[in-house]
2 protein chains.
Amino acid sequence: MRMSEGVEWALHSCLNLTWVEPGEARTAARLAAFYDLPAAYLNKQLQALARAGIVTSTPGPRGGFRLARPPERITVLDVVTAIEGPGDAFRCSGLLRNGPEGRDDVDYARSCHVSQTMRRAELAWRRELAGQTLADLRDDVERSHPGTPARTREWFARQRP
Amino acid sequence: MRMSEGVEWALHSCLNLTWVEPGEARTAARLAAFYDLPAAYLNKQLQALARAGIVTSTPGPRGGFRLARPPERITVLDVVTAIEGPGDAFRCSGLLRNGPEGRDDVDYARSCHVSQTMRRAELAWRRELAGQTLADLRDDVERSHPGTPARTREWFARQRP
DNA sequence: GTCATACTACTCGGATAAGAACTGTCCGAGTGGGGTAGG
DNA sequence: CCTACCCCACTCGGACAGTTCTTATCCGAGTAGTATGAC
């Protein structure tokens with residue numbers, strides 16, 4: 001069970017978009033250069049975020065990506081779900097249906113105790129991620145490294161010409 | 001992020017081993033037949049459980065697998081870890097090290113706030129799985145379906161000749 | 001000088017390969033039990 | 001009848017292909033700004 005590396009990229013990129021000037025946008029190429037990542041592949045992840053309605057994209061010169069809504073209303077779970085898809089990590093295949101006691105009219109994903117335990121665990125995981133917004137993350141970073149927003153903006157401004 | 005299907009097989013098989021008579025063992029082939037699974041592949045998962053010290057295996061006729069310790073001392077997390085490996089789902093790649101503010105003497109897996117959030121979520125997931133033992137699971141099943149242990153034993157006894 | 005127009009550079013977006021991990025299968029090493037021959 | 005030995009069937013264990021998912025890359029559609037030429 002390995003989570004896609006795109007999740008990490010997406011989270012850091014969204015956090016980065018938190019510090020973009022209002023009305024501005026950041027291109028996938030610049031965001032990739034900031035972390036030294038393959039630009040085309042990061043673009044793919046940003047597309048997934050756009051499809052999920054987390055960021056908006058504008059093509060053409062001076063285009064790029066920006067957050068679709070204020071960081072207070074974007075949870076870490078939103079970003080993770082956008083990249084990894086909505087499906088659970090553990091998926092009950094209905095083993096018991098093929099067993100000697102199996103019934104066709106039972107939804108084993110609901111009634112099977114193994115499945116219930118796994119779902120309860122994933123629910124706890126999800127609850128933790130849903131309780132953390134992009135704004136919380138941003139505030140944590142700004143508290144630990146106060147100069148980061150200004151230095152980041154400056155870095156992107158320097159890349160422009 | 002999709003969990004290996006072997007986790008489900010391993011959990012159900014361990015639960016099944018809970019109802020084995022003391023001193024007896026169940027072969028991978030019989031366990032596989034019980035759920036209509038590919039025997040060789042289930043054997044592979046059981047080997048992983050044996051390497052983790054959750055079950056013990058004995059070769060030869062009348063051999064097979066049995067639990068290595070009482071079900072009260074085997075958590076669901078133990079089984080999941082044995083199959084999926086000890087690594088976390090989210091692994092911090094140290095993106096910030098390649099960024100303009102990156103330092104070589106910092107352990108970003110510890111200090112990065114994104115990484116911290118993800119680890120906190122996985123910890124909650126793990127805590128939930130570690131709080132559930134195989135004995136709890138067994139008791140739940142016996143409460144819901146009281147006849148299951150006897151019928152299961154009977155099924156395996158019938159397969160013997 | 002002003003306006004319309006064509007052009008160019010730049011951006012996202014989806015379609016297209018390479019690699020890794022999971023899934024599934026096979027055969028060999030080792031073991032325990034049962035049959036058999038001898039005492 | 002009892003015992004020691006040999007053979008065989010059975011089981012796990014690790015080595016070997018097939019398939020799906022993740023990772024990585026490329027080129028085309030569309031857009032905004034700019035230069036250019038006519039009025």
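By convention in this document, chain letters (A, B, ...) are assigned in the order of the sequence lines, proteins followed by strands, and residues within each chain are numbered from 1.
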Item checked: Heavy-atom neighbours of B:R127 CZ exceed 12 at 6.0 Å ->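 No, because the 6.0 Å sphere around CZ of B:R127 holds 12 heavy atoms or fewer from other groups.
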
Notebook entry, point to check: Got more than 12 heavy atoms from elsewhere within 6.0 Å of CZ, B:R153?
Noted result: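 Counting other residues, nucleotides and ligands, CZ of B:R153 exceeds 12 neighbours.
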
Shortest non-hydrogen separation from [X] to [Y] and the atoms involved:
X	Y	value
A:W125	B:E122	CD1-N, 3.8 Å
B:V106	B:S111	CG1-OG, 3.4 Å
B:G53	B:R69	O-NH1, 3.2 Å
B:L49	B:A82	CD2-CB, 3.8 Å

Note to self: Just checking A:Y41 against A:W9, ring centres under 6.0 Å apart?
What the structure shows: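 They qualify: ring centres under 6.0 Å apart.
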
Check: Is any side-chain N or O of A:T58 closer than 4.0 Å to OP1 or OP2 of C:dT11?
Finding: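 Indeed not, no polar side-chain atom of A:T58 lies that close.
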
Note to self: With a 4.0 Å limit, can you tell me whether A:S4 has a side-chain N or O closer than that to the phosphate oxygens OP1/OP2 of D:dT23?
What the structure shows: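 Indeed, a polar side-chain atom of A:S4 lies that close.
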
Once you round it to whole Å, what is the distance between [atom2] of [N] and [atom1] of [X]?
X	N	atom1	atom2	result
A:R62	D:dT34	CZ	C1'	14 Å
B:M3	D:dT22	CE	C1'	18 Å
A:W9	D:dT22	CH2	C1'	11 Å
A:E24	D:dA32	CD	P	15 Å
B:R66	D:dT11	CZ	P	13 Å
A:E84	D:dC21	CD	P	13 Å

Check: Which ones in residues 39-56 of chain B lie close to DNA chain C, meaning a heavy atom under 4.0 Å from one of its atoms?
Finding: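 B:A40, B:Y41, B:K44, in order of number.
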
Margin query: Return whichever of A:R2 or B:P61 has its heavy-atom-nearest nucleotide of DNA chain C closer to the 5' end.
Written below: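 In this pair, the answer is A:R2.
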
Notebook entry, point to check: Counting any heavy atom closer than 4.0 Å, what does A:A29 reach on the DNA or RNA strands: base, sugar-phosphate only, or nothing?
Noted result: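 Since no nucleic acid heavy atom lies under 4.0 Å of A:A29, the category is nothing.
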
Check: More 5' along DNA chain D: B:M1 or B:P59, using each one's nearest nucleotide?
Finding: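 Looking at the nearest nucleotide for each, B:P59 comes out on the 5' side.
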
